[in-house]
A.B. asks: 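Pasting in a structure now, in structure tokens, and then I'll have a few things to ask.
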Amino acid sequence: MTENPSEQLSALLAGVSPEIAEQQLNDKLGITFVELTAERVSAVMPVKGNLQPFGLLHGGANAVLAESLGSILAALNAGPDRVAVGLELSCTHHRAVTSGSVTGVATPLHVGRSTVTSEITITDDEGKRTCSARLTCVVRDRKPGA
């Protein structure tokens, strides 16, 4: 890993309208990217601020973390002249988390010409698996001028 993850994310968002770039859900949930390679993307997300009414980490927050990790992994594998967008997301929530943070790691299961499928594992601060997810992204050519 030679680049700073923030710089890598900025490069992936190059050409995106600043108005849209300022409205990323990752920022609202406090997701911080740690590693970005074509083989592995990881990030940390705080539990605080991402709870459901019973005081547990919201399953939707897990889904956002999983989709963010898998989408970035797909974009890194798609290449600079292509875009990757989510097609199908599946999440299984194994255990509750009430404090601290969770760490998500995405790795490729399939990298093809038109789809990329990632496995995403989310763990708590003790390293216990809290969620398993799978994301398939469709890969398309970037529209001219986009």
Side-chain angles (χ1 to χ4, degrees), residues 1-80 82-112 114-140 142 146:
M1 186 169 65
T2 58
E3 290 185 63
N4 175 323
S6 295
E7 292 171 5
Q8 287 177 285
L9 283 174
S10 294
L12 283 175
L13 291 174
V16 171
S17 140
E19 200 173 286
I20 292 171
E22 292 175 353
Q23 300 181 54
Q24 299 305 299
L25 188 54
N26 296 337
D27 297 335
K28 294 182 187 325
L29 271 61
I31 296 171
T32 303
F33 289 89
V34 177
E35 180 179 6
L36 281 83
T37 70
E39 296 79 34
R40 179 183 162 100
V41 175
S42 66
V44 176
M45 180 178 69
V47 173
K48 185 176 181 179
N50 295 314
L51 300 177
Q52 46 95 306
F54 299 106
L56 309 174
L57 177 63
H58 197 292
N62 275 335
V64 170
L65 178 59
E67 182 145 357
S68 295
L69 292 165
S71 293
I72 289 171
L73 184 81
L76 290 168
N77 279 284
R82 307 196 80 204
V83 295
V85 294
L87 181 64
E88 180 178 28
L89 174 66
S90 168
C91 297
T92 301
H93 308 289
H94 304 293
R95 77 172 41 246
V97 184
T98 58
S99 64
S101 61
V102 292
T103 300
V105 177
T107 54
L109 290 174
H110 166 78
V111 177
S114 61
T115 61
V116 175
T117 301
S118 304
E119 177 179 47
I120 302 99
T121 302
I122 300 175
T123 57
D124 63 15
D125 288 334
E126 296 175 6
K128 294 179 181 173
R129 185 185 294 238
T130 61
C131 179
S132 297
R134 181 180 290 208
L135 174 71
T136 298
C137 290
V138 65
V139 178
R140 299 276 189 232
R142 189 179 298 269

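All values below were derived from every heavy atom in this structure, side-chain atoms included, with hydrogens, water molecules and symmetry-related copies excluded.
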A.B. asks: Checking Asn50 side chain against Ala61 main chain: does a donor-acceptor pair fall under 3.5 Å?
C.D. replies: no
A.B. asks: Nearest heavy-atom pair of Val102 and Leu57: which atoms, and what distance?
C.D. replies: CG1-CD2, 3.8 Å
A.B. asks: May I have the list of side-chain donor-acceptor pairs in residues 129-138 shorter than 3.5 Å, sequence neighbours left out?
C.D. replies:
from: Arg129; atom 1: NH1; to: Ser132; atom 2: OG; distance (Å): 2.7
from: Thr130; atom 1: OG1; to: Ile122; atom 2: O; distance (Å): 3.2
from: Ser132; atom 1: OG; to: His94; atom 2: NE2; distance (Å): 2.8
from: Thr136; atom 1: OG1; to: Thr117; atom 2: OG1; distance (Å): 3.0

A.B. asks: What is the distance from atom CG of Leu69 to atom OG of Ser42, rounded to the nearest 0.5 Å?
C.D. replies: 7.5 Å
A.B. asks: Taking all non-hydrogen atoms of both residues into account, name the closest pair between Thr37 and Val41 and its distance.
C.D. replies: O-CG2, 3.6 Å
A.B. asks: For residues Phe33 and Pro5, report the shortest heavy-atom separation together with the two atoms involved.
C.D. replies: O-CB, 3.7 Å
A.B. asks: Check whether any side-chain heavy atom of Arg40 sits under 4.5 Å from a side-chain heavy atom of Glu35, and report yes or no.
C.D. replies: yes
A.B. asks: One pair to check against side chain to side chain contact (heavy atoms under 4.5 Å, CB included): Thr115 and Val139. What are the steps and the verdict?
C.D. replies: CA-CA 5 Å; Thr115 61; Val139 178; 5.9 Å; no
A.B. asks: Between Asn62 and His93, is there a side-chain heavy-atom distance shorter than 4.5 Å?
C.D. replies: yes
A.B. asks: Please report the closest heavy-atom contact between Ala38 and Asn77, naming both atoms and the distance.
C.D. replies: O-ND2, 2.9 Å
A.B. asks: Restricting to side-chain contact (heavy atoms from CB on, under 4.5 Å), what partner residues turn up for Glu22, sequence neighbours left out?
C.D. replies: none
A.B. asks: For Ser68, what residues pass the side-chain hydrogen bond (donor to acceptor under 3.5 Å, both in side chains) criterion, not counting sequence neighbours?
C.D. replies: Asn26
A.B. asks: Could you pull out all residues at least two apart from Gln52 that satisfy side-chain contact (heavy atoms from CB on, under 4.5 Å)?
C.D. replies: Phe54, Leu56, His58
A.B. asks: Which atom names give the shortest non-hydrogen contact between Ile120 and Ala106, and what distance separates them?
C.D. replies: CG1-CB, 3.8 Å
A.B. asks: My understanding is that only residues two or more places apart in sequence, or in another chain, count here; which of them pass side-chain contact (heavy atoms from CB on, under 4.5 Å) with Leu25?
C.D. replies: Lys28, Leu29, Val64
A.B. asks: Hey, does Leu73 have a side-chain heavy atom less than 4.5 Å from the side chain of Pro108?
C.D. replies: yes
A.B. asks: Could you state the interatomic distance from CD (Glu119) to NE2 (His110), rounded to the nearest 0.5 Å?
C.D. replies: 15.0 Å
A.B. asks: Do any N or O atoms from the side chain of Gln8 and from the backbone of Leu36 form a donor-acceptor pair under 3.5 angstrom?
C.D. replies: yes
A.B. asks: Holding to side-chain contact (heavy atoms from CB on, under 4.5 Å), I want the full list of residues that pass it with Ala63, two or more places apart in sequence or in another chain.
C.D. replies: Leu89, Cys91
